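Quick notes on the structure that follows.
Just so you know, these numbers use all the heavy atoms, side chains as well, and skip hydrogens, waters and symmetry mates. All values reported here derive from a predicted model rather than from experimental measurement. Numbering starts at 1 and runs along the sequence shown.
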Amino acid sequence: MSYDLLLSGGEVIDVGGGHVGRFDVAVRGGRIAAVAPGLPRHAAREVIDAGGKLITPGLVDLHTHVHPGATYWGIDPDSVAWYSGVTTWIDAGSAGAYAIESLRAAISDSQVRVAALLNISAVGLTAPDGENRELANCDVDLAAATLATNRDLIYGVKVRMDRKTVGENGLEPLRRAIAVAETGGVPVMVHIGVAPPTVDEVLRLLRPGDIVTHCASGLATGMRDGTTILPAVIEAHAAGVLFDIGHGSGGFAFDVLEAQLKAGVAPYTISSDLHARCLYGPVFDLPTTMTKLLAVGMPLEEVIAAATVNPARALNLPGGAGTLAVGARADIAVFALEEGEFELVDAHRRSRFSDRRLANEITYVAGRPLPPRMPPRPKPWIPLTDAQREALRLRERRIRELLSAPLVGIDGLAEQFPPSSP
C-alpha cells in the first residue's frame with residue numbers, strides 16, 4: 001500500500017471519524033487512506049513528522065462572510081484559510097436570491113470548500129443592515145425556487161432578527177425564512193441582536209435543528225435576567241435548537257457564555273462570523289475563537305468537535321466534511337498547542353486568560369498544503385482604530401523586508417551553470 005503523504009505520530013482529535021489519540025494519518029489521491037498507529041513510513045512519498053502536534057480535520061466555520069466583491073461584509077477566504085486551518089467556509093447569508101449566481105462566481109476559484117446559507121432577503125448583505133425592513137424583499141416563492149435550483153451550494157436559510165434589520169416587521173422575516181427552509185428540508189440560522197424582537201420570541205418559532213447564532217450575545221434582550229439564563233433559552237436548547245457562537249464584531253460576551261455553561265446550555269458549534277469588520281479584531285480567526293472557549297473551561301475535544309464534525313452535521317454537509325474518515329477528502333489542519341498565559345478579549349473588551357492556544361502550522365485541502373497568500377487591504381468603509389491601522393502598516397513593512405532580502409547566502413546556493421574552461 002502506497003501513500004502520497006503520511007503525517008506521522010501526531011495527537012489526532014477526530015471525533016467524527018472516531019479517532020482520538022496518537023495516530024498516523026495517510027493520504028492517497030487527495031483522500032484519507034488510513035488513520036492508524038504505526039503506518040509504514042517507507043510506503044509514503046512524503047512523510048511529515050507530526051510528533052507533539054495536534055492533527056484535526058480541516059475546520060468547518062459555520063458562520064462566515066466570503067463575498068467581498070458584492071457585499072459590505074465579505075472577505076477572501078483563501079487568504080485566511082492557509083494560516084487558520086479552516087477548509088470549509090459557510091457563507092451565512094451574504095447572498096439572497098438576487099445575488100446567488102454572483103456568489104457562485106466569486107467562490108469558483110477558491111481553494112477551500114464554500115457552502116452557503118441563502119438570505120431570506122433577496123438583496124442579501126449589500127449594506128450593513130436593513131435588508132428585512134422592506135418585506136417585499138423577503139419573497140418566499142423566489143427564495144424557495146432559488147434554494148431548489150442551487151442545492152449543490154445552499155444548505156440552509158439565513159435571517160437576521162434585530163431592530164436595525166427588521167424595522168417594524170417583527171417576526172415576519174423569520175416566519176418567511178422558516179417557510180422557505182421547510183420547502184427544502186434545511187435548517188434556518190437566525191442572527192439575534194438588539195431587540196425587538198427578543199430572544200425568547202425568536203426561540204419560540206425555531207424547530208429542532210435550527211441554529212441560533214451569536215448565542216452568547218451580550219446585546220440580545222431576553223437571554224438572561226442578571227446572571228441567570230432565562231427558562232425559554234434553556235428549554236429551546238433542550239428541545240434541539242442548536243446554539244452557535246458566531247463571534248463577530250458584537251455577538252460574543254464571556255459573561256453570557258459562562259452563565260450559559262453554568263445552566264447547561266453549551267454551544268453545539270463554534271463559529272467566527274469572520275467578516276471585514278472583525279478580521280482585524282476582536283475575532284481575528286476561528287482558532288482564536290476556539291481558544292476563547294478553552295479559556296472558559298470547555299474541554300479541548302469538545303472545542304474541536306464544535307468546529308469540525310458538529311457544524312458538518314448541522315448542515316448535513318457531504319463528503320465526510322469535518323472528519324478524517326477513510327475516503328473523505330483529505331482536508332487536514334495541523335496545530336501547535338502552545339502553552340503559556342494568553343489574554344483573549346470578547347466583543348466588549350472584556351478579557352479572560354487561557355493557558356493554551358491553538359496555533360495553525362499547516363493546512364491541507366485535498367491532501368495539498370495551502371500556499372501562503374497575502375490578504376487584501378481593508379475596504380475603505382471598514383472602521384479601524386489607529387492601533388489597527390498602524391499594526392497593518394507594520395505587518396506590510398515586515399513582509400516587504402522579509403521578501404526583499406536575498407533568500408539565502410552563498411552557502412545556500414548551488415552552482416547551476418559552471419563556467420566554461422579558459
Side-chain angles (χ1 to χ4, degrees), residues 61-77 80 89-100 102-103 106 116-138 143 157-174 176-177 189-197 199 202 212-215 217-221 244-253 271-284 289 346-349 375-385 388-389 392:
D61 198 337
L62 188 66
H63 186 162
T64 69
H65 295 282
V66 298
H67 197 187
T71 67
Y72 174 92
W73 303 96
I75 62 172
D76 167 40
V80 180
W89 295 63
I90 312 303
D91 183 273
S94 293
Y98 295 159
I100 195 66
S102 173
L103 175 62
L117 305 178
L118 179 71
N119 200 310
I120 185 57
S121 173
V123 302
L125 300 181
T126 54
D129 51 54
E131 67 270 12
N132 298 328
R133 292 179 198 166
E134 174 54 68
L135 274 179
N137 292 333
C138 304
V157 180
K158 174 72 180 298
V159 58
R160 296 201 294 180
M161 297 297 295
D162 61 34
R163 183 174 63 202
K164 287 185 177 181
T165 304
V166 303
E168 302 299 319
N169 292 323
L171 294 167
E172 184 59 20
L174 174 55
R176 296 188 182 195
M189 175 185 279
V190 185
H191 153 122
I192 56 173
V194 177
V199 172
V202 168
V212 57
T213 193
H214 313 309
C215 69
S217 170
L219 302 176
T221 305
D244 171 60
I245 289 295
H247 190 312
S249 52
F252 175 73
S271 70
S272 65
D273 184 20
L274 199 62
H275 55 65
R277 286 187 63 171
C278 67
L279 176 61
Y280 314 102
V283 175
F284 302 108
T289 303
D346 65 11
H348 309 288
R349 298 181 66 192
R377 291 182 175 181
K379 300 292 187 181
W381 56 80
I382 300 303
L384 296 172
T385 66
Q388 287 170 321
R389 293 184 189 281
L392 287 169

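Taking 4.5 Å as the limit, some side-chain heavy atom of Ser272 sits within range of a side-chain heavy atom of Thr64. Counting only heavy atoms from C-beta outward, the side chains of Asp244 and Cys215 never approach each other to under 4.5 Å. A 4.5 Å side-chain heavy-atom check between Ile90 and Leu117 finds at least one atom pair inside the cut-off. The side-chain heavy atoms of Val166 and Met161, taken from C-beta on, include a pair separated by under 4.5 Å. The shortest side-chain heavy-atom distance between Trp89 and Ile75 falls under the 4.5 Å cut-off. Between Thr213 and Val190 there is no side-chain heavy-atom pair separated by less than 4.5 Å. A 4.5 Å side-chain heavy-atom check between Leu274 and Leu279 finds at least one atom pair inside the cut-off. Side-chain contact between Asn119 and Glu131 is present, with at least one heavy-atom pair separated by less than 4.5 Å.
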Query raised in the report: Going through the checks in order, is the side chain to side chain contact (heavy atoms under 4.5 Å, CB included) test met by Leu384 and Leu392?
Result: CA-CA 10 Å; Leu384 296 172; Leu392 287 169; 4.0 Å; yes
Requested in this report: May I have the step-by-step check of side chain to side chain contact (heavy atoms under 4.5 Å, CB included) for Thr289 and Ile245, ending in yes or no?
Outcome: CA-CA 9 Å; Thr289 303; Ile245 289 295; 4.3 Å; yes
Requested in this report: Output, in order, the C-alpha distance, side-chain angles, deciding distance and verdict of side chain to side chain contact (heavy atoms under 4.5 Å, CB included) for Lys379 and Tyr72.
Outcome: CA-CA 9 Å; Lys379 300 292 187 181; Tyr72 174 92; over 6 Å; no
Report task. Show your reasoning for whether side chain to side chain contact (heavy atoms under 4.5 Å, CB included) applies to Glu134 and Asn169. Result -> CA-CA 8 Å; Glu134 174 54 68; Asn169 292 323; over 6 Å; no
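Pro380 meets the side-chain contact (heavy atoms from CB on, under 4.5 Å) test with no other residue; sequence neighbours excluded. By the salt bridge (charged side-chain N to carboxylate O under 4.0 Å, His left out) test, Arg133 pairs with Asp129, sequence neighbours left out. Residues passing the side-chain contact (heavy atoms from CB on, under 4.5 Å) test with Asp346 are Phe252, Ala253, Phe254, His348, Arg350, sequence neighbours excluded. For His247, the side-chain hydrogen bond (donor to acceptor under 3.5 Å, both in side chains) criterion is met by Lys292, not counting sequence neighbours. With sequence neighbours left out, the side-chain contact (heavy atoms from CB on, under 4.5 Å) criterion links Pro196 to Arg163. Applying the salt bridge (charged side-chain N to carboxylate O under 4.0 Å, His left out) test to Arg349 and every residue at least two apart in sequence or in another chain returns nothing. For the salt bridge (charged side-chain N to carboxylate O under 4.0 Å, His left out) test, residues two or more places apart in sequence or in another chain that qualify with Glu172 are Arg175, Arg176. Applying the side-chain hydrogen bond (donor to acceptor under 3.5 Å, both in side chains) criterion to Thr165, with sequence neighbours excluded, gives Asp162. Applying the side-chain hydrogen bond (donor to acceptor under 3.5 Å, both in side chains) test to Ser94 and every residue at least two apart in sequence or in another chain returns His65, Asp91. In this view, Asp76 and Arg373 satisfy the salt bridge (charged side-chain N to carboxylate O under 4.0 Å, His left out) rule, not counting sequence neighbours. Partners of His275 by side-chain hydrogen bond (donor to acceptor under 3.5 Å, both in side chains), not counting sequence neighbours: none found. In this structure Phe284 satisfies the side-chain contact (heavy atoms from CB on, under 4.5 Å) test together with Thr288, sequence neighbours excluded.
In this structure, a donor-acceptor pair under 3.5 Å is present between the side chains of His67 and Ser102.
Residue Trp73 comes nearest to Ala127 through the heavy atom pair NE1-O, 3.4 Å, listed as atom of the first residue, atom of the second, then distance. Ala276 and Gly74 make their closest contact through CB-O, 4.0 Å (heavy atoms, listed as atom of the first residue, atom of the second, distance). Of all the heavy atoms in Ala143 and Ile120, the pair that sits closest is CB-CD1, 4.2 Å. Residues Asn132 and Pro173 approach most closely at CB-CG, 3.9 Å, considering heavy atoms. Contact detail for Asp273 and Cys278: the closest heavy-atom pair is O-SG, 3.2 Å. The two residues Ala220 and Ile192 have their closest heavy-atom pair at CB-CD1, 4.0 Å.
Between the side chain of Ser217 and the backbone N or O of Gly251 there is no donor-acceptor pair closer than 3.5 Å.
Aromatic pair His63/His191: centroids not less than 6.0 angstrom apart.
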